[in-house]
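Structure first, then comments.
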2 protein chains.
Amino acid sequence: MSELNLEAAACACAAEIMGTLPLIMRTIGAEMHRRHGTELSAPQFHALRVIEKHEGASLSFLARHLASGLPSASKLVDGLVDRSLVARVTAPADRRRVLLSLTPPGRAMLEAFHQEAVTYLSTHLESLTDEEQHAILRAMSILRRRFALNGDMGCPGAPQQGATA
Amino acid sequence: MSELNLEAAACACAAEIMGTLPLIMRTIGAEMHRRHGTELSAPQFHALRVIEKHEGASLSFLARHLASGLPSASKLVDGLVDRSLVARVTAPADRRRVLLSLTPPGRAMLEAFHQEAVTYLSTHLESLTDEEQHAILRAMSILRRRFALNGDMGCPGAPQQGATA
DNA sequence: TATTGTTATACTCTATAACTATA
DNA sequence: TATAGTTATAGAGTATAACAATA
């Protein structure tokens with residue numbers, strides 16, 4: 001019965017997560033949208049974050065991290081390149097591939113939006129006790145380890161070689 | 001300096017949340033999409049959850065909870081009504097308004113998807129220790145209180161009366 | 001006149017399929 | 001032949017503006 005209890009506890013955890021995370025994400029999204037309109041959509045913000053963390057990422061790599069298809073990622077990048085937020089150049093070593101990187105304006109906009117979201121979020125957390133804040137930090141640390149993308153889903157630019165197998 | 005530290009701690013919390021929550025949400029979304037394709041999109045799932053929790057909600061109420069405009073909500077509901085997942089009837093007391101409710105198939109589909117998401121999530125949490133699971137439960141409880149919609153954003157069907165002012 | 005909701009139109013995001021270019 | 005990416009086309013979601021119906 002201890003295994004059964006473990007599973008029940010995991011499900012209880014999962015249900016709480018399903019009841020809480022979407023609420024927080026919508027709260028942040030709504031506030032950012034209220035302040036900046038359609039200046040930077042959630043997919044665009046996400047794409048910038050991936051490219052920032054993986055400078056020189058290929059389009060396939062981005063698509064995997066976006067959990068979307070190549071055409072979607074390609075079109076998304078089109079818009080970011082048109083607005084000079086992302087640079088897209090052909091890879092010298094393999095001219096089929098592209099290398100993505102942030103332009104200085106792209107980096108600046110990403111940093112500004114991220115900082116603004118963090119600051120907004122923190123207004124909801126300031127009145128918490130030290131102990132409560134530490135509980136959140138600890139939970140985030142546990143969750144991040146559990147949900148971290150396995151092996152970074154391949155090198156930023158390298159072709160896929162059975163990452164899931 | 002203690003106030004400064006409190007603010008810094010809140011920002012650190014916020015940054016961890018920004019680094020963790022989107023990752024989890026994308027993981028769930030990608031898995032659900034992998035299993036069910038476009039059978040039920042995230043906005044549709046969210047709309048069903050709001051209507052389930054607030055039977056008889058008006059379109060305005062739904063739009064507020066979706067953090068979207070009335071036309072978006074109207075079109076979203078169009079699709080759900082066309083698929084017989086949601087019932088939309090004119091309110092007898094005020095014929096300008098509509099009352100939204102789940103149909104039995106709508107309720108069944110929502111329950112199935114929610115249960116599946118919870119079960120999938122729980123597979124990531126089963127191997128955690130009791131203490132780690134409790135840390136997550138506690139953090140979710142704290143966060144949910146902080147981000148709960150104030151006063152439910154008005155009664156489900158009632159007109160807005162300066163909720164933000 | 002104010003409020004609820006819909007329709008018209010446009011843009012972003014995503015998906016599938018067909019295509020190009022490179023390896 | 002296989003892989004990386006783009007283009008073509010279609011559908012969902014959202015926004016603004018204009019409109020209809022009701023209060």
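Throughout, protein chains are lettered first and strands after them, A, B, ... in sequence-line order, and every chain is numbered starting at 1.
- The environment of A/His134 atom NE2 is sparse: at most 12 non-hydrogen atoms of other residues, nucleotides or ligands sit within 6.0 angstrom.
- Proximity of A/Ser68 to the phosphate of C/dC13: no side-chain N or O atom is located under 4.0 Å from OP1 or OP2.
- With sequence neighbours excluded, no residue forms a salt bridge (Lys or Arg N to Asp or Glu O under 4.0 Å) with A/Arg145.
- Every pair tested for ring-ring contact (aromatic ring centres under 6.0 Å, His included) that includes a residue from residues 85-112 of chain B fails, sequence neighbours excluded, so the list is empty.
- For residues 70-101 of chain A, no pair satisfies ring-ring contact (aromatic ring centres under 6.0 Å, His included), with sequence neighbours left out.
- A close approach under 4.0 Å does not occur between any side-chain nitrogen or oxygen of B/Ser60 and OP1 or OP2 of C/dT3.
- Along DNA chain C, the nucleotide nearest to A/Arg96 and the one nearest to A/Ala67 differ in position, and the one closer to the 5' end is contacted by A/Ala67.
- Nearest heavy atom pair, residue A/Leu21 against residue B/Met140, reads CD1-SD, 3.7 Å.
- Every side chain to side chain contact (heavy atoms under 4.5 Å, CB included) that A/Ala91 has, sequence neighbours left out, goes to A/Arg97, A/Leu99.
- The salt bridge (Lys or Arg N to Asp or Glu O under 4.0 Å) test applied to A/Glu132 returns no partner, not counting sequence neighbours.
- When the nucleotides D/dG13, D/dG5, C/dG5 are ranked by their closest atom to the side chain of B/Gln44, D/dG13 comes out on top.
- One cannot find a donor-acceptor pair under 3.5 Å joining the base of C/dT4 and the side-chain atoms of B/Arg97.
- Mapping A/Thr38 and A/Asp94 onto DNA chain D via the closest heavy atom, the residue that lands nearer the 5' end is A/Asp94.
- Looking at residues 18-33 of chain B, you'll see that no heavy atom sits under 4.0 Å from any atom of DNA chain D.
- Sequence neighbours left out, the pairs with a member in residues 76-86 of chain B that pass salt bridge (Lys or Arg N to Asp or Glu O under 4.0 Å) are B/Asp78-B/Arg88.
- Each end of the helix from C/dT1-D/dA23 to C/dA23-D/dT1 gets its own axis, taken as the rotation carrying the C1' atoms of four end pairs onto the next four within a five-pair window, and the two axes meet at 10° to the nearest 10 degrees.
- A heavy atom closer than 4.0 Å to some atom of DNA chain C occurs in A/Pro71, A/Ser72, A/Lys75, A/Leu76, these being the qualifying members of residues 71-92 of chain A.
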Would you be so kind as to tabulate the donor-acceptor pairs closer than 3.5 Å made by side chains of residues 39-46 of chain A, with sequence neighbours excluded?
residue	atom	partner	partner atom	Å
A/Glu39	OE1	A/His36	ND1	3.3
A/Ser41	OG	A/Gln44	N	3.3
A/Ser41	OG	A/Gln44	OE1	3.3
A/Gln44	OE1	A/Ser41	N	2.9
A/His46	NE2	B/Arg26	NE	3.2
A/His46	NE2	B/Arg26	NH1	3.0
A/His46	NE2	B/Arg26	NH2	3.4

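- You won't find any donor-acceptor pair under 3.5 Å spanning the side chain of A/Arg95 and the base of C/dT22, going by distance alone.
- Rounded to whole Å, the distance from CG on B/Leu59 to P on C/dT7 is 11 Å.
- With sequence neighbours excluded, no residue forms a side-chain hydrogen bond (donor to acceptor under 3.5 Å, both in side chains) with A/Glu52.
- For B/Arg138, the salt bridge (Lys or Arg N to Asp or Glu O under 4.0 Å) criterion is met by A/Glu131, not counting sequence neighbours.
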